[in-house]
Each structure stands twice: as C-alpha cells, then as structure tokens.
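In what follows, a single structure is set out as structure tokens and then discussed.
The figures here come from the full heavy-atom set of this structure, side chains too, leaving out hydrogens, waters and symmetry mates.
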Amino acid sequence: MAEALLVSGVRDILNKLIATALDKISLVWGVKGEVEKLKKVLMRIQAVLEDAEKQQVEKESVRLWLMELKEVAYDAEDVLDGVAYETLRHQSESKVRNFLSLSNPLFFRMKVAHKIKHINAKLGEIERDKEMFKFNEVIVATPVAMMISGESSTSSVVPNYQLETASLIDDSEIVGRKDDVLKIMNMLIQPICNGEDDDVLSVIPIVGLGGLGKTTLARLVFNANEVGNHFEPKIWICMSNDFNVKRILREMLEVAFGIAKHESSSMDLIQRSLQDKLRAQRFLLVLDDVWIEDGFFQKWDTLKIVLKCADRGSKIIVTTRSGEVANMIAGASHIQNLQILPEEDCWDLFQRRAFGSGGVQMTQAMKAIGMQIVKKCGGVPLAIKALGGMMRLKKEENEWLLVNNSEIWNILDADKKITNVLKLSFHNLPSSVKRCFSYCSIFRKGHSINKKMLIQMWMAEGFVTSKGNALMLEDIGNQYFNMLYLNSFFQEVETNILGEIKRCKMHDLVHDLVQFVSGQESLVLNANMIPDDISKTRYMGYISNGRRVTFPKALYKASKLHTFFSFSPYEVPRDMFVNLTLLRVLDLSSTSIRELPSSICKLKHLRYLDLSMTDIEELPKLITCLYNLQTLKLKNCKKLKVLPQKLCELINLRYLYIRGCGELSGMPKGIEHLTSLQMLSNFKVGSDEDGNSITKLQHLNLLRGKLTISGVENVRDATYAKTANLKGKSNISSLILLWGNMNDGVDNANNGEISVLEALEPSCNLKQLYIVGFGGENMPTWMMNNSLRVSNLAVILLKNCGRCECLPSFAQLPFLRNLIIVGLRNLKCFGDCGSNKLKEIHDPAVTMVAFPLLKLLELNDLPNLEEWVLEEAMLLHSFPCLEDLRIEDCPKLKVTPSSLFPSLKSLQFRGSSSSIAIKSIMANLSFLTCLHIKGCPDLKFLSQRVLEQNRQLDSLVIVRCPEFEGFLDVEHKPDNEEESVASSEIAEEESIIYLMPKNSRVLSDLQWLEIRECPRLRCITVNTTVSLPSLTVLVIENSNAMVMESFTRNLTSLTYLALDTIQDLVFLPKNVLRDNKNLKRLILENCPLLRSDGIFPAENNEHPLLPRPELEMRGFHALSSVNLLMPCWSSLLVVSIKECRGLKSFPKGLSLLPHLQALKIGQFCEDLDYFPFPELDQPQTQIGGHHHYYFTSLRYLVLVGWPKLKLLPYQLQHLIKLEGLAIQEFSGLITLPDWLGSLVSLNELLITRCENLMHLPYKETMLRLTLLEELVINNCPLLKDGCNEDKGGLEWSKISHIQTIIIDDVPV
C-alpha cells in the first residue's frame, strides 16, 4: 500500500479526461478519428485500473507503469484544456463565425491533431505494456461511464459532507488530558528550581509518539487564562526539521511585537532588537515539533543565551518525539512524557467521530467491532480520530470487519502503525478527494491554510467538477474539505463568529503523509535550494526567506508547472509568463510588481490570480483574454485606479476581490454580465447617473458570502435599489451597506434615503448586517419588530446613523450573537419603547426569552440615549448568554432593564456614563471577572456588594471618575425606590466607605487593579487584614499617599507598579520593594514631594537584593539627586529618568550597575549648558563589595537633551559596546562629533527633533561604523534636506551605504 500511494488519483484523472474529450475535442473539425481512438484507449485502460492499483503494492513494475500512465494523462489534460480555451476565445471574439466550421485556423487544427496523435502513440505503448501484467478488467458504473452510455445520473462520487456548524467536531474538546494540562500549568506558573541559573529561563519538554496529542496539549496550556495572565508575551512557533535560531528569533519579533525583520538582516540586529523588547518581560515560548539534527545542542545553547535577557520565570515549552532532544534541553525531572490515552477515553473519542451526528448507526455488532479497532490503535488520538472519521461512512458490517482484519495491525512499531492508519484512511478516500489532499503538499509544515482559498485553488486545478451533480462547485469543494477534516487530515481549525471554518492546519504526521503521496508532482522549494530535476513538478510552494529576491530562472525548467504559490515576496521577471504557460494558479501577492506585462495573456490555462498588496495601478487590457480565470484577487491594491472596461469578457470569473482598493471610483461597464460571480467583495456605486450603476447587481444572483456595497449615498432613486434585487440573492450571508464621505450620517440625508434602504431588503437567509452612515430617521420596515423579515441574523452593526431616532429592539431574534450600536446621536430609546413596543398579546403561560443567544452588546456614542427597556414579560428570562456588555459615551442613560444578566463576565463603561445606569446594571451581577469604569463624572461610590458578589473578579479599573470616593458599606437594604434614594443620601454622611472589601477573601483572584484620576478617593477606614494575593498589576494616578499606602499593603505578587501624580507622597512604602520579589517594573511619575531617600534607602539593610529589572522616573522637578548605589538596585536591566528638572548631576551609581542594558536619560535642569555624563573611572567596589566597571552591560542608550546643550557628552565615545543610540531634542546641536566613529558596535542610530542639526560626521567616520544597518531621522528638517539624494544633499554620500534609512517615517 505504501508505494501505491505514490500514484494515487489516476482513475480520477482518466474519468475527467474521457468526459472532457467527448465534450470538447470531438468538436474540433479534422481530428475526429484521433479523438475516437483516444476515447477507446482511455476506456480500455480505465477498465484495469482497479486491479493495477492493487498489484502495485507487490510489483514495482506495475507502480512504474501507473506513474507513466499518470504523466501521459496529465499531458493529455493540458491539451484538452488548451482546446477548451480556444473554444471560449472564439466564442468571445466572434459571435458570427462558427468555431466548429471550416473557417477555423488551419494551424490550430493541425497543432491539436499533432498533439493528440502524440498522446495516442504514448497511450498505445502503455496499453501494450499492460498486457504483460494480466490485469483483471472491472466494469464500474461511474458517472462518466453512465454519460458515455447515455444514462443519466445525478449522484455524486463523494457522500454529502455539507455539515451544519453545530455538528462540526470541536478539536478543543480534549479527552483524557486534564491531569496533564494541570500539571504543566503548575510547572509554568510555579518556579522551577534546579540549582542552576534556569530560574531565569526554564524548559519543559513534552515528549511522546507522533499523534499522541503533544501539540494539542501545549495549545490547551498556551490558551489557558491563568497562563495568559502570568506571561507577557506568549509566542507560538511551529518548527520544521531545520532548527534555525535566526528564524526563531525573527518569528518571535514578528509574532510578539509586530516587528518584521528581513532574512537579510544580520543575526546581531535581530538578536538585539528582540532582546530590547524582551528585557524585563516574563515570556512563554512554545517550540512545536522539534527534531534532533547535527549541531542541535550548540544551536539550542545559542538560543538560550539570547533569551536569558528576559525576566525570571520565563518558560519554554518544547514538543518533540525525540527523547534525546528532551534530555539535551532539560533535566529528567522536568520532562513530561505523554502517555497513551486510557481505553475508555479512546472509545469516547472514536464513537463521537464514527457514530456521532450524521455517522453510522451504532448496532451491537458495530460497537463490538469498533471497540476492537480502538484497542488496536494503541491509545493514539490521531489514529483514533482518523479511523473514526473514516468509519462513519462505512455502513455495512463487512466493511468494518475488513478494517479490523487489515494487515496494518501486524506492524509492531508504534510510529509506523500510526502512519499506516493514516495511509489506510487516505486509501479509503474517493479518488477526487485524494487529489485534493495531495495538492496540500504545496504548504509548508505548520502553515495556516485559508479554507476558501484552498477550495478556489482546487477548483482552478480541476479537482472539483460538477459533472452529473446539481451542486455548485463551491459546495462540492466544501464537501471535500469536510471529508478531509472529519478524517483528521485537517485540524486546529479557526472559525468565524458564525462557527464556519476559516483556517486549518495539518498535523506534522499528516504533512509527512501528504509529502509522501504527492511524490515528484509537488515541491516546497527554498529559493536557495533548487533541485536539478524539476521537470515533472506540477505544484510548487515557494519560500524566498523574506528577501525580495528575483524569481529564479532555474524554475523555468518546471515547464509543466500548474501551481506557483509563494510564502514570501519576490521580484517578478517580465518573461515569467512566457516560460510557465501551463499555470493554473499564480500567486503574485506582496511582490514588487508595479505593472502586469501584456504577456500575461500567454497564461491561457490560468484560473486563479492573486495580485493582492501590490503597487499595481492598472491591469493590462489583455488580461481580459484569460477566459478561464475564475478567481482574481486585488485586495489592498491601494494604487489601483481602474478595472479593465472589458472585464465582462472574463465569463468564468467567480471571485473578484477588490477590498481595500481605495482609488477605484466605480465598477467597470458590463460587470452585470459576469453572471458566474460568487464573490464580489466590494461593489462601489459611482457618483454619475444618480447611482443607477447599482442596478448592475440585478442578474448577479449567484453571489454568496460577504457583499459590501459602498457609495450608497449616490443612489438617488429607490427604483434602482429595488432593481438590484438583494432579496433574491439567497446565498449572501453578510451584507455591508456603506454611505461614504461622512462622519456621522447627519449630512447624508436626502429625500429618498429611507426608501433606498427599504428597497435594499436582503434575503431572509442573511446572517450578518452592517449599516454604516445611513442618514434616515427610521430603520426600514423589514428590520422592525412587527414585520421582521431577517430573523436569521447573528450579527448586527449600526454605525454613524446620525439621524436615526428609532430602532427595533431585536430582542426576539433567535440567533443574534453580537449587537453593536455606535454613533446614533439622535437615538433616545433602545428596546421595547414607544411605537416600537411589541403589539402582540402574549400568553402569560408562555415563557418569553429576550436575546436568547446574545453574547456581546455594545452601546457606544449615543449622547441622547435615555432609556434601555424590555417588555416586562421578558425581563425575568432576558440575556441568558450575554457575556460581554460595553456601554460608552451614553451620558443620559438612566433607565436600564432590571435583568439578572446571569452569564455576564465582562462589564465596561467608557467615556461619559451615568452612575444611575452603572448601579442599576450592576445590582444583580455575580459572575463578573472584568469590571472597567472609565469616565463617570457623577459616580460617588459603589456598593460593597459589587465586590462581595463577584468573587471571581480578576480585573478592576476605575478611571476619570472625579467624584468617586470608594466602596460603600450599606447594611440596610432599601425596600422601595424612595427609601433607596434616601439611603443614598444618608450613605454619603453616615455610612463607612472602604477602599477594599471587609472580607479579605473577596478579591483573592484580583490580578489587575487600576485607579486613575479619582482625586476624591478617600480612606476613612482601612481594613489592614485585607490582602490581594494574586495582584500582579497596580496603577494609581492622581490620588493621595494614604490611599496609595492602603492599596499597597500586604501585596506579595506584584510585577508592575505605577504611581503617578501622588501629590503628598514623600516616602515609597518600604514593603513595596521588600515584599514583592517578582516586581519587574517600577514607574514613578509626577510626585513633586517624593524625596530621594524616600525611594533610594540610605542603609544597605533596608531592602535586600531583589530582582527589579526596570525603573522609570519622570516629572520629579524637586528631586535634586538620585542614588542607585544600594544593592537592591543592582539587578536593574532598564532605567529611564527624564523630566526631572531639579537634577544637576548624573544619578549616582548608575554607571556601575552591572546588568544595566538599556538607559533613557535626560531633560535635567535647564540651566545646565552641558550634559553631566559620568567620567570613565577605574574599577570600583561601591556596590555590595563587588567590582563593577563603567556601563559594563549597556547596549541601548536614549539621550534626551534640553535647549542650552550644543554638544553631545564626549564620554559617550567610551561606550564601545553600544549597539543602539538615540539622540533626542538636542535643539542646539549643529554637527555630530567625529568621535562617534568609536562606537564600533553601533547597529542602530536614531536622531529625533534636533531642529538645527545640519551635519553628520565625516564620511570616513561613518564608514568606520561597519555594523550600522539602520539610520532613522525624524523631525530634523535641515539634516533631512542634506540627506536628500534627489536635491544633491551633501550628507547623502555619508549614509548611502547603510542598508535601511528612514527619514520622517518614510523608507529611503
């Protein structure tokens, strides 16, 4: 079977070949005899294929025969496709001439005849060779055979896998791994002490067989909330067989911080950039699927050295099949050997796949056989899921017995057994689905595959056909995808809000399998490693390692290439299209191409073209000759101004993506003739002819998925909108209607606007509706309660409809999950109010549920909203699933529903909010984990009950509440509204206000506490027994010292403390530095009375040596000195001291900090006319009795000046290890000094806001900076002119050799 997989899919190719030959080539005059011969030979060979595929398992000669047959079949397929193209071309170019007549060009007929004769000759040899194998003929009534015999068939070769969302199996629902998850989570969060320095960076290997669930287990841990709260950042990197340290560091930069570095960047630059970001950060890194290789230990050691700049407690999880890898990178006590699943969990996993919704019926016999199969899987989840997915299609008992008795179970090697289970599952796929799976070999390991893109590529390659099937190609492709998913060839799926799969990945064992079965047909190619023989390669994934390298001319040898898919940018040669004329799929996205050459018309087979994110301005006219083109992607082509006027000639176009093409003014003429269109990402209504271009949508009734209509303000007549017939487009699931050139919709009103929206009524199948900028006063009748005709909606967004005064309540929409209302500035009432109330008389015995599935509700920028009400009959059962409620800038909102909100976890008030609304909504909550109140001018207090009832609270933020005083303890509960008001008045004077709850266990889970701009916060009584054991982040701004001290008592887990504008703060509480051993960032800003000895102790025994990686001080104008000589500061990695206008001397001991790597300093006393940088001293012993040298570890320096400074401090020339230097706000500086050339390690130089700077050092000096790769100049107008090459700037010659130059945020 193993070898048979190499030549799978031959039957599917021949089926298609015979059908196409009959349908197309027989129409070409002059070759009828050859076509008849071709048909007969193909059918005779087809009759023996089933036996041939069986014999190839034992006979190498048969396998080679099948390989030769497949190659000839591919060649024949190319010929037939060329004929089909010519048919389309002649039909398009001449409506008069009959392509079947003698007037066809003689040259073309002769050429086709010659090719068919050549193919027939090869097939004749193959047919003669088959006689030696004595194959048995098998007559199969396939759809093609039926068509040949004249019989009709509407059956599909693939069972219906059009799954409903609810029946999709959730990969995140893991069986039998809870204990493993908890164990690894504890290891992550608790310190690992092994007597070495690994307390800074610990490694946890997860070891086990392939398919055992290592990646799934790591992802469960990675996504756990507890882990997310403990680590920042979290980074996941999928490894390949090549353990490339540079790639790992580059991906860490990009994934965690959004910083893209080219592969051509030096290892030093990448390393320094990453270390700069990771300092003082406690990160979690997962390296998934690590393999042993030559030099692995040295590479691993290099990686750890780079990453040890991070904070203590950082962790690396490594998943690997190799025990040798695990032993190399961690001690035995840390290795997690993943065990096989227990038998009962294995059965649970199998039966959900095989017997679940849509699966086979579970009879006693089937169950017994199934349990035997499960036992043979050896407790490996991947094998169990693969077989479960395969068995759900096998309805007969004898089919189950065949699998149970298969020879694959005789293999003792566990790894090989799993691989053979996957092969068995592959072998049982229909031939057409096998080709689709094999095609996935163009994706590199770990690649996230876009589902829609993949199906479009399958269609482009002809793997998905609708012969004898009433379904659309897209639906058939979706069935193929679902079959592969349920057979576990795809996993780790990402879904959208509707639960539909968007992306997926392949397990590494599945990736190995797909590489194996594709053989020489497919290749993932590195630009630097091109094989000698690629003549038989038909599908290619291309990796250029991030460089904009030119497309290798050596690839022209792949003359039979059908797919070219790129993972990274490359330079496109103009002769590319002339040499690769058989392409069906071409990816040019993110390339440097600015102009598509007219030779694109040579690609007559092309069906999929991606030009997204290029600088192309227009498409050549000849692109309309690509009559086979199905998919044209132009996403984010920001310079594209116009589409070809004859775009309508692309009669097979199904997908047109033009989202993000802001320069397009409208749609091309004739677009209404593209009746095959399935996806039109953006239909732009032009401003001419009163917007009647919207009528072009009338006949595009096959549109599906998402449709955006922009420029709706240009539609002046509702008749035009009605003609567009959105209601008849039943496959559109998401509709976005945009009125442009507006801020809030107020200026958009015209007499017909309401009637236009009324006429744009969508199909009742619509699931997502976005209306932006609508200028009418009311929503259309098809949205109103009593005539609601869009009952399947799951997402509604209404934004900037500034005149709208009335909305439906949406309460009875049964599937609504997200409701977002933004910028409806005239809206006064939301819900069941006024004329919008439900008019039906409800039976009291019938339970009514309002918003039964709603999870997110956002009310934003509704300045006149006063009421949010629900029918009384619904209140008791309202919002059962609501988890996230956001209310922002609704200052007049006072009436809210008295719902229990039983599932609410996150409650956020932002902007200007009413305290009445806040208290009303919070009255009955008990499951909050997140409470944010930002901007409530009249909020004076909150009840203690808020804290006592929500003990799971992990984030509490109160910001810009100028009247807020604290949490009120009111023992007496009012019985009515009048008593409630009276109680509130009494509370302010007679009740006790607490900063924290009385019960010390109430906030035991609180991790983030932020109190800012609440100046009236007071501390009448403080419960000193209260502790916040889990608090890691504390931010206090604009308060007083007593409050600050109250919050900082009994804290032991702080990692981040920021104190800002504490007006009467003189001394920093000693316990803050003493008790918080994990404190990694201390920020002190604008505390005018804070004394130097209030921060920096005078005695060594005040604060023991603790890890304190980062200190930031700003705005201490009264601070006259800073002393960092004490041992408690010796661990500092990052220091920032600026805007301390009282400082006249450099902080004492700062130059001697042994671990200091990054320093930002400046803006001292403005009377100084020099920067008091310390002199280079001899070794000293002033910190803890140890020898320390001048800025021993400093690598990054930001120097901030002030007006009187005209020179840089000359002491900088001694910092020869400096890798990054930023010079800011030296307005008196005119020329940079020549001693800058002494900074031989400098890699990055940034110069900002130096208004009078004109000159860089001499050219010879700049050339001495051999490691300088990046120069950034911002807001330096004189220097900018000097560095302008086009204007002959004299400074340009000094910097032209530098790899990356950015001036005022623009790359040069």
Side-chain angles (χ1 to χ4, degrees), residues 177 179-222 227 231 235-249 251-252 283-308 310 312-341 378-382 412-419 445-446 507-509 512:
R177 295 300 187 201
D179 291 342
D180 295 305
V181 170
L182 290 174
K183 183 177 181 181
I184 295 175
M185 283 176 58
N186 287 333
M187 294 183 69
L188 287 176
I189 295 173
Q190 301 299 324
I192 297 177
C193 299
N194 57 8
E196 303 174 0
D197 62 352
D198 282 352
D199 56 333
V200 175
L201 184 63
S202 304
V203 183
I204 303 174
I206 302 175
V207 189
L209 293 171
L212 205 54
K214 301 181 296 297
T215 298
T216 301
L217 175 60
R219 193 168 290 282
L220 277 176
V221 172
F222 185 83
V227 172
F231 294 98
I235 308 163
W236 183 288
I237 297 179
C238 181
M239 302 301 297
S240 60
N241 295 339
D242 177 24
F243 193 89
N244 187 313
V245 176
K246 186 176 180 180
R247 180 180 76 85
I248 294 172
L249 300 181
E251 287 194 26
M252 288 182 71
F283 71 85
L284 172 63
L285 171 64
V286 176
L287 299 177
D288 186 34
D289 195 27
V290 174
W291 289 79
I292 194 71
E293 60 180 68
D294 291 339
F296 172 78
F297 186 75
Q298 290 79 6
K299 294 177 182 179
W300 173 257
D301 199 42
T302 300
L303 178 65
K304 284 195 69 176
I305 290 171
V306 173
L307 299 183
K308 280 187 177 179
R312 283 176 172 81
S314 294
K315 302 285 169 63
I316 302 177
I317 294 177
V318 173
T319 69
T320 180
R321 297 185 223 172
S322 169
E324 188 178 354
V325 166
N327 290 323
M328 278 187 175
I329 63 180
S333 60
H334 303 152
I335 297 174
Q336 301 304 301
N337 288 293
L338 198 58
Q339 303 301 313
I340 62 174
L341 278 184
V380 179
L382 180 63
L412 298 179
D413 186 282
D415 279 326
K416 289 183 178 179
K417 183 180 289 187
I418 298 165
T419 301
K445 189 172 289 188
H507 188 278
D508 56 313
L509 282 177
D512 293 342

About how many Å separate [atom2] of [Y] and [atom1] of [X], when rounded to the nearest 0.5 Å?
{"X": "L341", "Y": "Q339", "atom1": "CG", "atom2": "CD", "result": "10.5 Å"}
{"X": "L285", "Y": "L201", "atom1": "CG", "atom2": "CG", "result": "8.5 Å"}
{"X": "T216", "Y": "R177", "atom1": "OG1", "atom2": "CZ", "result": "9.0 Å"}
{"X": "I206", "Y": "L217", "atom1": "CD1", "atom2": "CG", "result": "4.5 Å"}
{"X": "I184", "Y": "D180", "atom1": "CD1", "atom2": "CG", "result": "6.5 Å"}
{"X": "I335", "Y": "I204", "atom1": "CD1", "atom2": "CD1", "result": "11.5 Å"}

Return yes if some donor-acceptor pair links the side-chain N/O of [X] with the main-chain N/O of [Y] below 3.5 Å, else return no.
{"X": "T319", "Y": "D289", "answer": "yes"}
{"X": "K304", "Y": "I329", "answer": "no"}
{"X": "N186", "Y": "L182", "answer": "yes"}

Quickly, which of R321, K445, K214 forms a side-chain hydrogen bond (donor to acceptor under 3.5 Å, both in side chains) with D508? Name it, please. R321
For the student: nearest non-hydrogen atoms of [X] and [Y], plus distance:
{"X": "I248", "Y": "I237", "result": "O-CD1, 3.5 Å"}
{"X": "A218", "Y": "V286", "result": "CB-CG1, 4.4 Å"}
{"X": "V290", "Y": "M239", "result": "CG2-CG, 3.8 Å"}
{"X": "I340", "Y": "L212", "result": "CA-CD1, 3.9 Å"}
{"X": "C238", "Y": "G446", "result": "SG-CA, 3.3 Å"}
{"X": "V227", "Y": "F222", "result": "CG1-O, 4.3 Å"}

Using side-chain contact (heavy atoms from CB on, under 4.5 Å), reason through L249 and L307 one step at a time and then give a plain yes or no. CA-CA 9 Å; L249 300 181; L307 299 183; 4.2 Å; yes
How are the rings of F243 and F296 set to each other: parallel, tilted or perpendicular (split at 30° and 60°)?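 It falls in the perpendicular class, over 60°.
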Take H334 and V203 through the test side-chain contact (heavy atoms from CB on, under 4.5 Å) and record every step on the way to the result. CA-CA 7 Å; H334 303 152; V203 183; over 6 Å; no
Check the pair L287, L303 against side-chain contact (heavy atoms from CB on, under 4.5 Å), reporting the backbone distance first and the verdict last. CA-CA 12 Å; L287 299 177; L303 178 65; 4.0 Å; yes
